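Worksheet for the structure shown next.
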Amino acid sequence: MSEPTDMTAVAMAGGAPASDATAADDQPEKLESQTSQPDKSSLKESIISHNLERDHSDTRAKPFIWALALTAALGGLIFGYDIGGAGATFVMDGFKYHFGWACAPDDYECVPKSQRQIDIETGLINGLFGTGAAFGALFAPLLFNNKGRKPTINFGAIAFTIGAALQAAAVSMPMLYIPRLLSGFGIGMLSMCSPVYIAECAPESHRGQLATLWQLAITSGIVLVSILNIWLADWQEGWRISYGGNIVFSLALVGLLTIMPESPHFLVSNERFDDAREALGKTRFEDQIDWELDELKLEAKNAREEGVANWGEVFDDTNKKMRTRVRTGVLLQSFQQLSGINAIMFYAPNILQDFFGSKGSIYGTLALNIINFFATFITIFSIERFGRVFLLFTGGLVMLVALIPTAVLASVDSEEGSVQAIGIGVTVFCALYVIGFAYSWGPVVWVVCAEMFPMRERGKATSLTTFSNWFWTCIVGAVFPIASTASLAGCFGFFAAVVFVATTFVYLFLPETANLTAPEIDEQYLTHKATVPRKKWN
């Protein structure tokens, strides 16, 4: 590879020759205008030319990049722990006795709350967490763009830690509500920033695999707390560990971040080139650094010349199809939540309790969570080979096939002898649904949203897509307890309809972005057209 071109020379390539400049001495104003304003077409040509120099056969990755991705993914583990922990407390006797949902056998004066009160409180516990996360996702760009990715992750982890500690110490339901908002705020910041941090630090050839670790960490947290819940359910105060045990992981995240580099994208965009080279030195081999650094300089120079992106430009389709990209990201995140995954994972103990009892529901939930964990590995081994669109499309088909019979079974009026048989059927089809989600809509949506936006608009645009995820998480978490009491079959039918629309959408409208640089992704969005049958999968 030739020696990297000097950035100033690249920016001015295609400008007036020296002889023209001499001849123009009698036109100082014209000359000043020519030399002070950047030649945008020339810069874009330089970016395209530089991308052509990329060695697509070089798929090497330093082991340290996996350590970095696993560290950032601890935010996902924290979130997963909360999903499995909070949901399981709803069937723990100690939790129900403490908050008046049920009466202890020796408490003869106790009057338990009505089912409607319990549904409302259950919805608030999960809904407030989602509300906090939605606001956290919107707040995150203030730190993300101005201070960096690491400070944003740190702030989110600390906010979550404080909230989790207060939840574990709660003595009344209102004392549980406010910390749920705070913990959710922290998770919202982490979910907006961590996947982007991983994607920005990862080489293109491994970006999908490494970004998938976020979802794998979520499933790991769910499995971990599901195992703990088996023993915590027998301890009257065990529910406190279900809410606060993940403090260990949030503190570990804060500690490990001290030895991780800042995102090279952020460093170059702030003209900290020596720091960027040092950061790349930790995640790239020596002969990869120069090309990567020059690529980032060209992207950053292009972003600087266009200025700081305002919200109008984020929704401007003449600006690299940004409105289309934001709409695509928002729809993907919305489909992910409206497909029913958090309703099933949050409330699996409640759903299965009707079929198998309190203890049986915890074991059934553990089985679903273990399946969720192992199915995520399908993505890690296939996302770079088959691409994003293929996984989303096939996963959607699997989810749809699972949800339809689940809705039918849930509508059957079970007699005493058939309750467990129906419960087994629901569990089997829920497991199939979880497999389909775990290798597709779970991890791949986060990967796509982390890589689909240009550097200049990335912070604002990603915050919107993440906000949409948490907005619907809040709505589903608050509404599902009441809606499922009214008609569990209706809920599954709604989820099936959403999955059908989502699967059709990605087949027609989602460009493939696997193994592409930022300029190449720009080109995909500018040229993609919906066709039947789809012409390009990868």
Side-chain angles (χ1 to χ4, degrees), residues 61 65-84 133 136-137 140 144 149-150 152-154 156-157 160 184 186-203 206-225 246 249-250 252-253 256-257 260 263 265 283 329 332-333 336-337 341-342 345 369 372-384 388 391-392 395 434 437-453 458 462-463 465-470 473 513-514:
I65 188 63
W66 289 89
L68 181 149
L70 286 168
T71 296
L74 280 173
L77 190 148
I78 295 165
F79 173 42
Y81 187 108
D82 190 272
I83 292 175
F144 181 91
R149 287 37 167 170
K150 284 177 58 178
T152 308
I153 295 173
N154 259 319
F160 176 85
I187 287 294
M189 294 188 69
L190 291 173
S191 62
M192 179 267 157
C193 186
S194 292
V196 176
Y197 174 64
I198 295 171
E200 288 185 342
C201 292
H206 290 75
R207 188 174 59 220
Q209 288 179 313
L210 292 165
T212 298
L213 293 178
W214 169 262
Q215 182 67 22
L216 182 65
I218 292 175
T219 62
S220 301
I222 295 173
V223 169
L224 173 62
V225 75
N246 44 6
F249 304 111
S250 59
L253 173 58
L256 288 171
L257 272 179
M260 297 297 156
S263 163
H265 287 247
T283 60
L332 289 175
Q333 293 283 14
Q336 188 199 67
Q337 289 309 306
I341 185 62
N342 271 355
M345 301 312 288
N369 292 337
N372 188 20
F373 172 76
F374 283 107
T376 307
F377 283 95
I378 298 173
T379 316
I380 293 176
F381 294 118
S382 63
I383 190 168
E384 305 298 359
R388 286 49 162 158
L391 293 185
L392 288 171
V434 167
F437 181 89
Y439 84 78
S440 62
W441 285 85
V444 179
V445 168
W446 291 106
V447 173
V448 171
C449 290
E451 69 187 6
M452 69 189 296
F453 299 114
R458 188 171 295 150
T462 307
S463 73
T465 61
T466 307
F467 170 82
S468 65
N469 181 291
W470 288 110
T473 297
T513 52

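The structure displayed is predicted, hence computed values, not measured ones.
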Run the side chain to side chain contact (heavy atoms under 4.5 Å, CB included) check on Cys449 and Thr462 step by step: do they pass? CA-CA 7 Å; Cys449 290; Thr462 307; 5.5 Å; no
On a heavy-atom basis, the closest approach of Ile65 and Pro203 is CG1-CD, 4.2 Å
For a side chain to side chain contact (heavy atoms under 4.5 Å, CB included) check, start with the C-alpha distance between Thr212 and Trp446, then their side-chain angles and the critical distance, and finish with the verdict. CA-CA 8 Å; Thr212 298; Trp446 291 106; over 6 Å; no
Classify the side-chain pair Gln333/Ser468 by whether it contains a donor and acceptor separated by less than 3.5 Å. no
Keeping Thr152 on the side-chain end and Phe144 on the backbone end, is there a donor-acceptor pair under 3.5 Å? yes
Could you tell me whether the side chain of Asp82 reaches within less than 4.5 Å of the side chain of Ile187, counting heavy atoms only? no
Might you point out which heavy atoms bring Leu77 and Ser220 nearest each other, and give the distance in Å? CD1-CB, 4.4 Å
Checking side chain to side chain contact (heavy atoms under 4.5 Å, CB included) for the pair Phe79/Ser191: CA distance, chi angles, key distance, verdict? CA-CA 9 Å; Phe79 173 42; Ser191 62; over 6 Å; no
Please walk me through it: do Glu451 and Thr513 pass side chain to side chain donor-acceptor pair (under 3.5 Å)? CA-CA 8 Å; Glu451 69 187 6; Thr513 52; 2.5 Å; yes
With rounding to the nearest 0.5 Å, note down the distance linking CE in Met260 to CG in Leu68. 5.5 Å
Quick one: closest heavy-atom pair of Trp214 and Ser194, and the distance? CZ3-CB, 3.5 Å
Given 3.5 Å as the limit, does a donor-acceptor pair link the side chain of Thr379 with the main chain of Tyr439, or not? yes
Between Phe453 and Thr465, is there a side-chain heavy-atom distance shorter than 4.5 Å? yes
If I take atom CH2 from residue Trp66 and atom CD1 from residue Ile198, how far apart are they, to the nearest 0.5 angstrom? 10.5 Å
Compare every heavy atom of Ser263 with every heavy atom of Cys201, then report the nearest pair and how far apart it is. SG-CA, 4.0 Å
With a 4.5 Å cut-off on side-chain heavy atoms, are Gln215 and Phe437 touching? yes
Distance, nearest 0.5 Å, that separates CZ of Phe160 from CD1 of Ile78: 6.0 Å
Could you give the distance from CG (Leu224) to CG (Asn246), rounded to the nearest 0.5 Å? 9.5 Å
Smallest heavy-atom separation, Ala137 atom then Ser463 atom, equals O-CB, 3.2 Å
Rounded to the nearest 0.5 Å, the CD atom of Glu200 sits from the OG1 atom of Thr283 at a distance of 12.0 Å
Tell me, with the steps shown, if Leu190 and Leu253 meet side chain to side chain contact (heavy atoms under 4.5 Å, CB included). CA-CA 11 Å; Leu190 291 173; Leu253 173 58; 4.0 Å; yes
With sequence neighbours excluded, tell me which residues meet side-chain contact (heavy atoms from CB on, under 4.5 Å) with Val225. Tyr81, Asn229
For the residue pair Val445 and Val448, establish whether any side-chain heavy-atom pair is separated by less than 4.5 Å. no
Is Glu384 salt-bridged to Arg207, cutoff N-O under 4.0 Å? no
Interatomic spacing from OG in Ser440 to CG in Leu392 - rounded to 0.5 Å: 6.0 Å
Give me the ring orientation class for Phe377 and Phe381: parallel if the planes are under 30° apart, tilted from 30 to 60°, perpendicular past 60°. parallel
Taking all non-hydrogen atoms of both residues, which atom of Ile383 and which atom of Ala514 are closest, and how far apart? O-CB, 4.5 Å
Side chain of Gln337, backbone of Trp470: donor and acceptor closer than 3.5 Å? no
Does Gln209 use its side chain to pair, donor to acceptor, with the backbone of Ile380 at less than 3.5 Å? yes
